[in-house]
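Bear in mind that the values here come from a model prediction, so they are computed numbers and not experimental data. Just so you know, these numbers use all the heavy atoms, side chains as well, and skip hydrogens, waters and symmetry mates. Counting starts at 1 for both ligands and their atoms, following the listed order.
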Amino acid sequence: MPSYSVAELYYPDEPTEPKISTSSYPGPKAKQELEKLSNVFDTRAAYLLADYYKSRGNYIVDQDGNVLLDVYAQISSIALGYNNPEILKVAKSDAMSVALANRPALACFPSNDYGQLLEDGLLKAAPQGQDKIWTALSGSDANETAFKACFMYQAAKKRNGRSFSTEELESVMDNQLPGTSEMVICSFEKGFHGRLFGSLSTTRSKPIHKLDIPAFNWPKAPFPDLKYPLEENKEANKAEESSCIEKFSQIVQEWQGKIAAVIIEPIQSEGGDNHASSDFFQKLREITIENGILMIVDEVQTGVGATGKMWAHEHWNLSNPPDLVTFSKKFQAAGFYYHDPKLQPDQPFRQFNTWCGDPSKALIAKVIYEEIVKHDLVTRTAEVGNYLFNRLEKLFEGKNYIQNLRGKGQGTYIAFDFGTSSERDSFLSRLRCNGANVAGCGDSAVRLRPSLTFEEKHADVLVSIFDKTLRQLYG
Ligand SMILES: O=C(O)CCC(=O)C(=O)O
Ligand SMILES: NCCCC(=O)O
(Lines give C-alpha, C1' and ligand atoms only; values in the text may rest on other atoms or scores of the structure.)
(Ligands and ions follow the chains in the order given, each with its own letter.)
Protein backbone atom coordinates (compact mmCIF):
# COMPACT_ATOMS: atom_id res chain seq x y z
CA MET A 1 0.00 0.00 0.00
CA PRO A 2 1.40 3.48 -0.84
CA SER A 3 2.80 5.17 2.28
CA TYR A 4 1.47 8.67 1.56
CA SER A 5 -1.84 9.97 2.88
CA VAL A 6 -4.32 10.24 -0.01
CA ALA A 7 -6.53 12.48 2.11
CA GLU A 8 -3.62 14.93 2.58
CA LEU A 9 -2.76 14.78 -1.10
CA TYR A 10 -6.32 15.57 -2.17
CA TYR A 11 -7.20 17.84 0.73
CA PRO A 12 -4.27 19.80 2.18
CA ASP A 13 -6.92 21.95 3.88
CA GLU A 14 -9.03 19.09 5.25
CA PRO A 15 -9.97 19.82 8.88
CA THR A 16 -8.08 17.74 11.42
CA GLU A 17 -11.02 17.40 13.77
CA PRO A 18 -14.71 18.26 13.99
CA LYS A 19 -15.80 21.64 15.31
CA ILE A 20 -19.24 22.14 16.77
CA SER A 21 -19.81 25.76 17.72
CA THR A 22 -23.59 25.78 18.22
CA SER A 23 -25.04 24.90 21.62
CA SER A 24 -27.64 22.57 20.08
CA TYR A 25 -27.70 20.56 16.89
CA PRO A 26 -28.78 21.47 14.21
CA GLY A 27 -27.78 25.05 14.99
CA PRO A 28 -30.03 28.13 14.74
CA LYS A 29 -29.17 29.11 11.14
CA ALA A 30 -29.69 25.58 9.86
CA LYS A 31 -33.02 25.34 11.72
CA GLN A 32 -34.20 28.60 10.22
CA GLU A 33 -33.22 27.63 6.65
CA LEU A 34 -34.71 24.17 7.04
CA GLU A 35 -37.95 25.73 8.14
CA LYS A 36 -37.98 27.92 5.03
CA LEU A 37 -37.15 24.99 2.78
CA SER A 38 -39.92 22.96 4.38
CA ASN A 39 -42.48 25.32 2.84
CA VAL A 40 -41.67 23.87 -0.57
CA PHE A 41 -39.79 20.61 0.05
CA ASP A 42 -40.25 17.86 2.61
CA THR A 43 -37.39 18.30 5.10
CA ARG A 44 -38.60 15.89 7.77
CA ALA A 45 -35.78 13.46 7.09
CA ALA A 46 -33.08 16.13 7.21
CA TYR A 47 -30.28 15.54 9.74
CA LEU A 48 -28.36 18.68 8.84
CA LEU A 49 -28.23 21.52 6.34
CA ALA A 50 -24.96 21.20 4.47
CA ASP A 51 -22.66 23.74 2.90
CA TYR A 52 -21.13 21.74 0.05
CA TYR A 53 -18.91 24.64 -0.99
CA LYS A 54 -17.07 24.46 2.32
CA SER A 55 -17.13 20.69 2.89
CA ARG A 56 -13.74 19.01 2.33
CA GLY A 57 -12.65 15.40 2.12
CA ASN A 58 -14.12 13.43 5.02
CA TYR A 59 -15.60 16.51 6.69
CA ILE A 60 -19.02 17.97 5.98
CA VAL A 61 -19.65 21.60 6.92
CA ASP A 62 -23.11 22.86 7.81
CA GLN A 63 -24.98 26.14 7.58
CA ASP A 64 -23.80 27.27 11.02
CA GLY A 65 -20.15 26.53 10.22
CA ASN A 66 -20.16 23.31 12.26
CA VAL A 67 -17.68 20.76 10.91
CA LEU A 68 -18.55 17.07 11.19
CA LEU A 69 -16.57 13.95 10.35
CA ASP A 70 -18.84 12.32 7.77
CA VAL A 71 -19.07 8.58 8.13
CA TYR A 72 -22.34 8.34 6.19
CA ALA A 73 -21.16 10.14 3.02
CA GLN A 74 -24.56 10.82 1.42
CA ILE A 75 -25.94 7.37 2.19
CA SER A 76 -22.71 5.67 1.13
CA SER A 77 -22.49 7.59 -2.15
CA ILE A 78 -19.40 9.77 -1.91
CA ALA A 79 -16.45 7.71 -3.09
CA LEU A 80 -13.53 10.12 -2.77
CA GLY A 81 -14.59 12.77 -0.26
CA TYR A 82 -16.14 16.21 -0.69
CA ASN A 83 -14.80 18.54 -3.37
CA ASN A 84 -12.32 16.04 -4.68
CA PRO A 85 -9.85 17.93 -6.90
CA GLU A 86 -9.85 15.29 -9.65
CA ILE A 87 -13.64 15.24 -9.79
CA LEU A 88 -13.72 19.03 -9.81
CA LYS A 89 -11.23 18.96 -12.70
CA VAL A 90 -13.49 16.77 -14.83
CA ALA A 91 -16.50 18.78 -13.68
CA LYS A 92 -14.89 21.85 -15.24
CA SER A 93 -13.77 20.12 -18.44
CA ASP A 94 -15.08 20.61 -21.98
CA ALA A 95 -16.23 17.00 -22.01
CA MET A 96 -18.45 17.71 -19.01
CA SER A 97 -19.82 20.96 -20.41
CA VAL A 98 -20.79 19.21 -23.64
CA ALA A 99 -22.29 16.26 -21.76
CA LEU A 100 -24.37 18.53 -19.53
CA ALA A 101 -25.45 20.97 -22.23
CA ASN A 102 -26.45 18.27 -24.71
CA ARG A 103 -27.80 15.38 -22.68
CA PRO A 104 -28.36 12.64 -25.24
CA ALA A 105 -31.16 10.12 -25.61
CA LEU A 106 -28.39 7.55 -25.43
CA ALA A 107 -30.01 4.54 -27.08
CA CYS A 108 -31.04 6.54 -30.17
CA PHE A 109 -28.28 9.13 -30.40
CA PRO A 110 -25.24 7.90 -28.49
CA SER A 111 -22.34 10.30 -28.60
CA ASN A 112 -19.31 9.42 -30.70
CA ASP A 113 -17.26 9.03 -27.51
CA TYR A 114 -19.71 7.06 -25.29
CA GLY A 115 -18.20 3.68 -26.25
CA GLN A 116 -14.69 4.83 -25.38
CA LEU A 117 -15.93 6.44 -22.19
CA LEU A 118 -17.50 3.16 -21.07
CA GLU A 119 -14.44 1.14 -22.13
CA ASP A 120 -12.08 3.44 -20.22
CA GLY A 121 -14.26 3.82 -17.14
CA LEU A 122 -17.26 1.79 -16.01
CA LEU A 123 -16.28 -1.29 -18.02
CA LYS A 124 -12.70 -1.29 -16.74
CA ALA A 125 -14.21 -1.45 -13.29
CA ALA A 126 -16.49 -4.39 -14.18
CA PRO A 127 -16.64 -7.31 -11.76
CA GLN A 128 -14.75 -10.45 -12.78
CA GLY A 129 -16.62 -12.34 -15.50
CA GLN A 130 -18.69 -9.36 -16.72
CA ASP A 131 -17.94 -7.51 -19.94
CA LYS A 132 -21.18 -5.76 -20.91
CA ILE A 133 -23.12 -2.94 -19.38
CA TRP A 134 -26.52 -1.29 -19.46
CA THR A 135 -26.62 2.17 -17.95
CA ALA A 136 -29.56 3.46 -15.93
CA LEU A 137 -30.57 6.40 -13.77
CA SER A 138 -30.60 5.29 -10.13
CA GLY A 139 -30.16 2.20 -7.99
CA SER A 140 -33.87 1.36 -8.24
CA ASP A 141 -33.75 1.83 -12.00
CA ALA A 142 -30.63 -0.33 -12.23
CA ASN A 143 -32.47 -3.14 -10.44
CA GLU A 144 -35.68 -2.73 -12.41
CA THR A 145 -33.91 -2.75 -15.77
CA ALA A 146 -32.06 -5.85 -14.57
CA PHE A 147 -35.44 -7.48 -13.76
CA LYS A 148 -36.74 -6.64 -17.22
CA ALA A 149 -33.63 -8.11 -18.84
CA CYS A 150 -34.22 -11.31 -16.85
CA PHE A 151 -37.93 -11.57 -17.72
CA MET A 152 -37.25 -11.04 -21.42
CA TYR A 153 -34.39 -13.55 -21.33
CA GLN A 154 -36.60 -16.20 -19.76
CA ALA A 155 -39.50 -15.53 -22.15
CA ALA A 156 -37.18 -15.71 -25.18
CA LYS A 157 -35.84 -19.03 -23.87
CA LYS A 158 -39.39 -20.41 -23.69
CA ARG A 159 -40.34 -19.09 -27.14
CA ASN A 160 -37.29 -20.84 -28.48
CA GLY A 161 -36.95 -18.64 -31.53
CA ARG A 162 -40.62 -18.23 -32.47
CA SER A 163 -41.92 -14.70 -32.87
CA PHE A 164 -44.62 -13.12 -30.68
CA SER A 165 -48.07 -14.68 -31.20
CA THR A 166 -51.18 -12.61 -31.98
CA GLU A 167 -52.56 -13.66 -28.62
CA GLU A 168 -49.46 -12.36 -26.84
CA LEU A 169 -49.57 -9.09 -28.75
CA GLU A 170 -53.24 -8.55 -27.94
CA SER A 171 -53.34 -9.77 -24.33
CA VAL A 172 -50.38 -7.67 -23.28
CA MET A 173 -52.31 -4.50 -24.10
CA ASP A 174 -54.86 -5.56 -21.45
CA ASN A 175 -52.10 -6.42 -18.95
CA GLN A 176 -53.06 -10.08 -19.28
CA LEU A 177 -51.31 -13.38 -19.88
CA PRO A 178 -49.80 -14.69 -22.07
CA GLY A 179 -48.42 -11.36 -23.32
CA THR A 180 -47.48 -10.29 -19.80
CA SER A 181 -45.45 -12.66 -17.70
CA GLU A 182 -46.32 -14.78 -14.70
CA MET A 183 -42.67 -15.14 -13.86
CA VAL A 184 -41.38 -13.62 -10.62
CA ILE A 185 -38.29 -12.23 -8.93
CA CYS A 186 -37.37 -13.86 -5.62
CA SER A 187 -35.79 -11.62 -3.02
CA PHE A 188 -34.73 -12.14 0.58
CA GLU A 189 -36.15 -11.13 3.94
CA LYS A 190 -34.75 -7.74 5.02
CA GLY A 191 -33.31 -7.07 1.56
CA PHE A 192 -33.53 -3.58 0.07
CA HIS A 193 -33.54 -3.08 -3.70
CA GLY A 194 -35.17 0.28 -4.22
CA ARG A 195 -38.48 2.07 -4.16
CA LEU A 196 -39.94 2.07 -7.68
CA PHE A 197 -42.87 -0.27 -8.30
CA GLY A 198 -40.97 -3.40 -9.35
CA SER A 199 -37.97 -2.89 -7.11
CA LEU A 200 -40.22 -2.07 -4.15
CA SER A 201 -41.89 -5.45 -4.50
CA THR A 202 -38.49 -7.05 -3.89
CA THR A 203 -37.65 -4.68 -1.01
CA ARG A 204 -38.37 -6.37 2.32
CA SER A 205 -36.57 -4.25 4.87
CA LYS A 206 -39.22 -1.99 6.44
CA PRO A 207 -43.02 -1.69 6.08
CA ILE A 208 -42.81 2.11 5.86
CA HIS A 209 -41.23 1.82 2.41
CA LYS A 210 -44.04 -0.33 1.08
CA LEU A 211 -47.30 0.71 2.73
CA ASP A 212 -50.15 1.70 0.39
CA ILE A 213 -48.22 0.86 -2.78
CA PRO A 214 -49.52 -1.93 -5.05
CA ALA A 215 -47.11 -4.84 -5.12
CA PHE A 216 -46.39 -8.01 -7.06
CA ASN A 217 -47.05 -11.27 -5.26
CA TRP A 218 -43.44 -12.43 -5.51
CA PRO A 219 -41.67 -14.88 -3.21
CA LYS A 220 -39.43 -13.98 -0.31
CA ALA A 221 -36.75 -16.36 0.95
CA PRO A 222 -35.13 -16.22 4.39
CA PHE A 223 -31.72 -14.57 4.74
CA PRO A 224 -29.40 -15.95 7.44
CA ASP A 225 -29.59 -14.29 10.84
CA LEU A 226 -26.02 -14.83 12.04
CA LYS A 227 -24.86 -14.76 15.64
CA TYR A 228 -21.74 -12.87 16.76
CA PRO A 229 -18.88 -13.17 17.40
CA LEU A 230 -18.66 -15.49 14.39
CA GLU A 231 -15.78 -17.56 15.85
CA GLU A 232 -17.90 -18.52 18.86
CA ASN A 233 -21.04 -19.38 16.88
CA LYS A 234 -19.72 -21.44 13.98
CA GLU A 235 -22.05 -24.40 14.42
CA ALA A 236 -25.21 -22.34 15.01
CA ASN A 237 -24.47 -20.13 12.02
CA LYS A 238 -23.77 -23.10 9.78
CA ALA A 239 -27.12 -24.60 10.79
CA GLU A 240 -28.87 -21.28 10.20
CA GLU A 241 -27.42 -20.94 6.70
CA SER A 242 -28.26 -24.58 5.84
CA SER A 243 -31.83 -24.00 6.95
CA CYS A 244 -32.07 -20.88 4.73
CA ILE A 245 -30.66 -22.78 1.76
CA GLU A 246 -33.14 -25.60 2.41
CA LYS A 247 -36.05 -23.14 2.50
CA PHE A 248 -34.82 -21.43 -0.66
CA SER A 249 -34.75 -24.83 -2.43
CA GLN A 250 -38.33 -25.44 -1.27
CA ILE A 251 -39.43 -22.06 -2.67
CA VAL A 252 -37.78 -22.90 -5.99
CA GLN A 253 -39.75 -26.17 -6.09
CA GLU A 254 -43.03 -24.51 -5.06
CA TRP A 255 -42.81 -21.89 -7.80
CA GLN A 256 -42.28 -24.56 -10.45
CA GLY A 257 -40.04 -22.86 -12.98
CA LYS A 258 -41.62 -19.44 -12.50
CA ILE A 259 -38.67 -17.75 -10.80
CA ALA A 260 -36.93 -15.69 -13.48
CA ALA A 261 -34.23 -14.40 -11.12
CA VAL A 262 -33.16 -13.94 -7.54
CA ILE A 263 -31.86 -10.61 -6.36
CA ILE A 264 -29.57 -10.44 -3.35
CA GLU A 265 -27.22 -7.96 -1.69
CA PRO A 266 -23.79 -9.25 -0.62
CA ILE A 267 -24.41 -7.50 2.71
CA GLN A 268 -28.01 -6.48 3.32
CA SER A 269 -27.48 -2.79 3.95
CA GLU A 270 -30.65 -0.77 4.50
CA GLY A 271 -32.06 -3.86 6.21
CA GLY A 272 -29.46 -3.86 8.99
CA ASP A 273 -25.99 -4.81 7.68
CA ASN A 274 -26.82 -8.51 7.65
CA HIS A 275 -24.01 -10.77 6.48
CA ALA A 276 -23.85 -14.33 5.20
CA SER A 277 -20.83 -16.53 4.49
CA SER A 278 -19.25 -17.19 1.09
CA ASP A 279 -20.45 -20.77 1.48
CA PHE A 280 -24.07 -19.58 1.64
CA PHE A 281 -23.71 -17.54 -1.54
CA GLN A 282 -21.87 -20.35 -3.34
CA LYS A 283 -24.69 -22.77 -2.51
CA LEU A 284 -27.29 -20.27 -3.61
CA ARG A 285 -25.44 -19.82 -6.90
CA GLU A 286 -25.40 -23.59 -7.46
CA ILE A 287 -29.16 -23.83 -6.96
CA THR A 288 -29.84 -20.96 -9.35
CA ILE A 289 -27.72 -22.59 -12.04
CA GLU A 290 -29.33 -26.01 -11.55
CA ASN A 291 -32.79 -24.46 -11.92
CA GLY A 292 -32.18 -22.02 -14.78
CA ILE A 293 -32.76 -19.05 -12.43
CA LEU A 294 -30.74 -15.92 -13.10
CA MET A 295 -28.77 -14.39 -10.23
CA ILE A 296 -28.73 -10.62 -9.79
CA VAL A 297 -26.25 -9.36 -7.23
CA ASP A 298 -27.31 -5.93 -6.02
CA GLU A 299 -24.06 -4.02 -5.39
CA VAL A 300 -25.72 -0.61 -5.33
CA GLN A 301 -24.42 0.03 -1.82
CA THR A 302 -21.72 -2.63 -1.35
CA GLY A 303 -19.93 -1.93 -4.65
CA VAL A 304 -16.96 0.29 -5.43
CA GLY A 305 -14.44 -0.58 -2.80
CA ALA A 306 -15.94 -0.11 0.64
CA THR A 307 -15.78 -3.81 1.59
CA GLY A 308 -12.08 -4.09 0.76
CA LYS A 309 -12.82 -5.55 -2.70
CA MET A 310 -13.97 -3.50 -5.66
CA TRP A 311 -17.17 -5.59 -5.65
CA ALA A 312 -18.27 -7.25 -2.45
CA HIS A 313 -19.30 -10.48 -4.17
CA GLU A 314 -15.66 -10.96 -5.18
CA HIS A 315 -15.14 -12.10 -1.56
CA TRP A 316 -17.15 -15.26 -2.38
CA ASN A 317 -14.91 -16.89 -5.01
CA LEU A 318 -17.86 -18.08 -7.08
CA SER A 319 -16.97 -20.61 -9.76
CA ASN A 320 -19.71 -19.11 -11.96
CA PRO A 321 -20.03 -15.35 -11.85
CA PRO A 322 -23.46 -13.79 -11.18
CA ASP A 323 -25.58 -13.19 -14.28
CA LEU A 324 -26.09 -9.52 -13.50
CA VAL A 325 -24.45 -7.10 -11.06
CA THR A 326 -26.23 -3.81 -10.40
CA PHE A 327 -24.45 -0.62 -9.29
CA SER A 328 -25.10 3.02 -8.45
CA LYS A 329 -24.24 5.17 -5.37
CA LYS A 330 -20.42 5.52 -5.14
CA PHE A 331 -20.14 5.42 -8.92
CA GLN A 332 -22.70 8.25 -9.28
CA ALA A 333 -23.63 6.49 -12.53
CA ALA A 334 -26.04 3.55 -12.33
CA GLY A 335 -26.74 0.39 -14.29
CA PHE A 336 -25.93 -3.28 -14.47
CA TYR A 337 -23.07 -5.43 -15.70
CA TYR A 338 -23.65 -8.76 -17.43
CA HIS A 339 -21.88 -11.18 -19.75
CA ASP A 340 -24.48 -13.33 -21.54
CA PRO A 341 -25.43 -11.54 -24.79
CA LYS A 342 -28.91 -13.07 -24.43
CA LEU A 343 -29.56 -10.64 -21.57
CA GLN A 344 -29.80 -8.00 -24.25
CA PRO A 345 -33.43 -8.25 -25.44
CA ASP A 346 -34.04 -9.64 -28.90
CA GLN A 347 -35.33 -6.31 -30.23
CA PRO A 348 -34.49 -2.65 -29.72
CA PHE A 349 -36.84 -0.37 -27.72
CA ARG A 350 -37.69 -3.19 -25.29
CA GLN A 351 -35.10 -2.09 -22.72
CA PHE A 352 -35.38 1.63 -23.27
CA ASN A 353 -36.14 5.08 -21.96
CA THR A 354 -35.20 8.54 -23.16
CA TRP A 355 -31.89 8.83 -21.34
CA CYS A 356 -30.68 5.25 -20.69
CA GLY A 357 -27.98 6.64 -18.42
CA ASP A 358 -26.08 9.90 -18.41
CA PRO A 359 -22.66 10.57 -19.97
CA SER A 360 -21.93 13.25 -17.34
CA LYS A 361 -22.19 10.58 -14.64
CA ALA A 362 -20.15 8.12 -16.71
CA LEU A 363 -17.39 10.76 -16.88
CA ILE A 364 -17.41 11.07 -13.11
CA ALA A 365 -17.44 7.29 -12.65
CA LYS A 366 -14.37 7.04 -14.89
CA VAL A 367 -12.42 9.51 -12.75
CA ILE A 368 -13.52 7.77 -9.57
CA TYR A 369 -12.27 4.44 -10.93
CA GLU A 370 -8.97 5.92 -12.14
CA GLU A 371 -8.34 7.48 -8.73
CA ILE A 372 -9.21 4.25 -6.95
CA VAL A 373 -6.62 2.42 -9.05
CA LYS A 374 -3.99 5.18 -8.91
CA HIS A 375 -4.02 5.31 -5.12
CA ASP A 376 -4.89 1.68 -4.42
CA LEU A 377 -7.91 2.85 -2.47
CA VAL A 378 -9.51 -0.58 -2.21
CA THR A 379 -6.47 -2.07 -0.45
CA ARG A 380 -6.25 1.02 1.73
CA THR A 381 -9.92 0.65 2.67
CA ALA A 382 -9.35 -3.02 3.56
CA GLU A 383 -6.50 -2.02 5.87
CA VAL A 384 -8.19 1.00 7.44
CA GLY A 385 -11.22 -1.23 8.00
CA ASN A 386 -9.09 -3.76 9.92
CA TYR A 387 -7.59 -0.97 12.00
CA LEU A 388 -11.00 0.53 12.78
CA PHE A 389 -12.55 -2.85 13.56
CA ASN A 390 -9.78 -3.64 16.07
CA ARG A 391 -10.15 -0.27 17.76
CA LEU A 392 -13.92 -0.69 18.02
CA GLU A 393 -13.54 -4.20 19.38
CA LYS A 394 -11.40 -2.80 22.20
CA LEU A 395 -13.69 0.17 22.81
CA PHE A 396 -16.81 -2.01 23.06
CA GLU A 397 -15.21 -4.58 25.40
CA GLY A 398 -17.44 -5.01 28.45
CA LYS A 399 -20.15 -2.69 27.08
CA ASN A 400 -23.10 -5.04 27.02
CA TYR A 401 -25.43 -2.45 25.54
CA ILE A 402 -23.54 -2.83 22.25
CA GLN A 403 -23.78 -6.13 20.42
CA ASN A 404 -22.93 -7.87 17.19
CA LEU A 405 -19.93 -5.87 16.02
CA ARG A 406 -19.61 -7.09 12.44
CA GLY A 407 -17.86 -6.53 9.15
CA LYS A 408 -14.43 -7.94 10.10
CA GLY A 409 -12.39 -8.32 6.93
CA GLN A 410 -14.99 -6.31 4.99
CA GLY A 411 -13.15 -3.00 4.78
CA THR A 412 -14.92 -0.12 6.46
CA TYR A 413 -18.32 -1.79 6.00
CA ILE A 414 -18.66 -2.16 9.76
CA ALA A 415 -21.81 -2.19 11.90
CA PHE A 416 -22.99 -2.93 15.42
CA ASP A 417 -26.32 -3.04 17.25
CA PHE A 418 -27.89 -1.36 20.24
CA GLY A 419 -30.60 -3.15 22.22
CA THR A 420 -33.39 -0.91 20.89
CA SER A 421 -33.93 1.57 18.07
CA SER A 422 -34.40 4.42 20.54
CA GLU A 423 -31.01 3.73 22.18
CA ARG A 424 -29.45 3.63 18.72
CA ASP A 425 -31.15 6.86 17.68
CA SER A 426 -30.03 8.65 20.86
CA PHE A 427 -26.49 7.54 20.16
CA LEU A 428 -26.66 8.85 16.57
CA SER A 429 -28.09 12.23 17.50
CA ARG A 430 -25.59 12.67 20.35
CA LEU A 431 -22.82 11.76 17.88
CA ARG A 432 -23.84 14.67 15.68
CA CYS A 433 -23.65 17.02 18.66
CA ASN A 434 -20.14 15.66 19.19
CA GLY A 435 -19.11 16.14 15.57
CA ALA A 436 -19.66 12.82 13.77
CA ASN A 437 -22.31 12.20 11.14
CA VAL A 438 -23.15 8.50 11.34
CA ALA A 439 -26.34 6.64 10.43
CA GLY A 440 -28.38 3.64 11.30
CA CYS A 441 -29.92 0.81 9.33
CA GLY A 442 -32.28 -2.04 10.13
CA ASP A 443 -34.04 -1.91 13.50
CA SER A 444 -31.22 -0.93 15.81
CA ALA A 445 -27.93 -1.05 13.90
CA VAL A 446 -25.32 1.65 13.46
CA ARG A 447 -23.58 1.39 10.10
CA LEU A 448 -20.29 2.96 9.06
CA ARG A 449 -20.08 4.20 5.47
CA PRO A 450 -17.10 6.52 5.10
CA SER A 451 -15.58 7.46 1.75
CA LEU A 452 -12.58 5.58 0.38
CA THR A 453 -10.33 8.42 1.59
CA PHE A 454 -11.08 7.62 5.24
CA GLU A 455 -7.75 6.87 6.91
CA GLU A 456 -6.39 5.77 10.29
CA LYS A 457 -6.36 9.37 11.52
CA HIS A 458 -10.06 9.67 10.73
CA ALA A 459 -10.70 6.35 12.43
CA ASP A 460 -8.94 7.69 15.55
CA VAL A 461 -11.18 10.77 15.56
CA LEU A 462 -14.28 8.60 15.13
CA VAL A 463 -13.31 6.21 17.93
CA SER A 464 -12.66 9.06 20.32
CA ILE A 465 -16.08 10.60 19.50
CA PHE A 466 -17.71 7.21 20.06
CA ASP A 467 -15.89 6.94 23.39
CA LYS A 468 -16.99 10.41 24.49
CA THR A 469 -20.59 9.82 23.38
CA LEU A 470 -20.89 6.46 25.12
CA ARG A 471 -19.52 7.99 28.33
CA GLN A 472 -22.12 10.79 28.10
CA LEU A 473 -24.96 8.31 27.54
CA TYR A 474 -23.94 5.40 29.74
CA GLY A 475 -21.42 6.86 32.18
O1 LIG B 1 -30.50 3.67 3.37
C2 LIG B 1 -30.10 2.91 2.48
O3 LIG B 1 -29.29 2.02 2.68
C4 LIG B 1 -30.64 3.01 1.10
C5 LIG B 1 -31.07 4.37 0.79
C6 LIG B 1 -32.07 4.36 -0.27
O7 LIG B 1 -31.73 4.12 -1.40
C8 LIG B 1 -33.46 4.56 0.10
O9 LIG B 1 -33.77 4.60 1.29
O10 LIG B 1 -34.27 4.67 -0.83
N1 LIG C 1 -32.94 4.25 4.27
C2 LIG C 1 -33.17 5.60 4.21
C3 LIG C 1 -32.13 6.43 4.91
C4 LIG C 1 -32.30 6.30 6.36
C5 LIG C 1 -31.54 7.24 7.22
O6 LIG C 1 -30.58 7.90 6.81
O7 LIG C 1 -31.89 7.34 8.36
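Within a 6.0 Å radius of CD in Q472, other residues, nucleotides and ligands contribute more than 12 heavy atoms. Remark: K457 NZ is packed, more than 12 non-hydrogen atoms of other residues, nucleotides or ligands lying under 6.0 Å away. Applying the 6.0 Å contact sphere to CD of Q32 captures no more than 12 heavy atoms from other residues, nucleotides or ligands. Within a 6.0 Å sphere centred on CG of D13, other residues, nucleotides and ligands contribute more than 12 heavy atoms.
Between R447 and ligand 2, not a single N/O pair is under 3.5 Å apart. At a 3.5 angstrom cut-off on N or O pairs, S269 does not count as close to ligand 1. The distance criterion of under 3.5 Å between nitrogen or oxygen atoms is not met by Y72 with respect to ligand 1. For the pair E270 and ligand 2, the shortest N or O to N or O distance falls below 3.5 Å.
R406 forms no cation-pi arrangement with F416, by the criterion of a distance under 6.0 Å to the ring centre and an angle within 45° of the ring axis.
At a heavy-atom cutoff of 4.0 Å, ligand 1 is contacted by the side chain of Q301 but not by its backbone. Only the side chain of Y72 comes within contact range of ligand 2, with a heavy atom under 4.0 Å; no backbone atom does. Contacts between R447 and ligand 1, counted as non-hydrogen atom pairs separated by less than 4.0 Å, involve the side chain only. When non-hydrogen atoms are compared, ligand 1 lies under 4.0 Å from neither the backbone nor the side chain of E265.
Side-chain contact between C356 and W134 is present, with at least one heavy-atom pair separated by less than 4.5 Å.
The ligand atoms of ligand 1 that sit less than 4.0 angstrom from a heavy atom of R195 are 8 (C), 9 (O), 10 (O). With ligand atoms numbered from 1 in the order given, ligand 1 contributes 1 (O), 2 (C), 3 (O), 4 (C) to contacts under 4.0 Å with heavy atoms of E270.
Among all protein heavy atoms, the one lying closest to atom 7 (O) of ligand 1 is F192 CE2, 3.6 Å. Nearest protein heavy-atom neighbour of atom 7 (O) of ligand 2: Y47 OH, 2.3 Å.
With no hydrogens or angles considered, no side-chain donor-acceptor pair links E299 and Y337 at under 3.5 Å. Y387 and D460 form a side-chain donor-acceptor contact under 3.5 Å, judged by distance and modelled atom types alone.
Ring-centre distance between F216 and F197: not below the 6.0 Å cut-off.
Every heavy atom of F192 sits 4.0 Å or more from the atoms of ligand 2.
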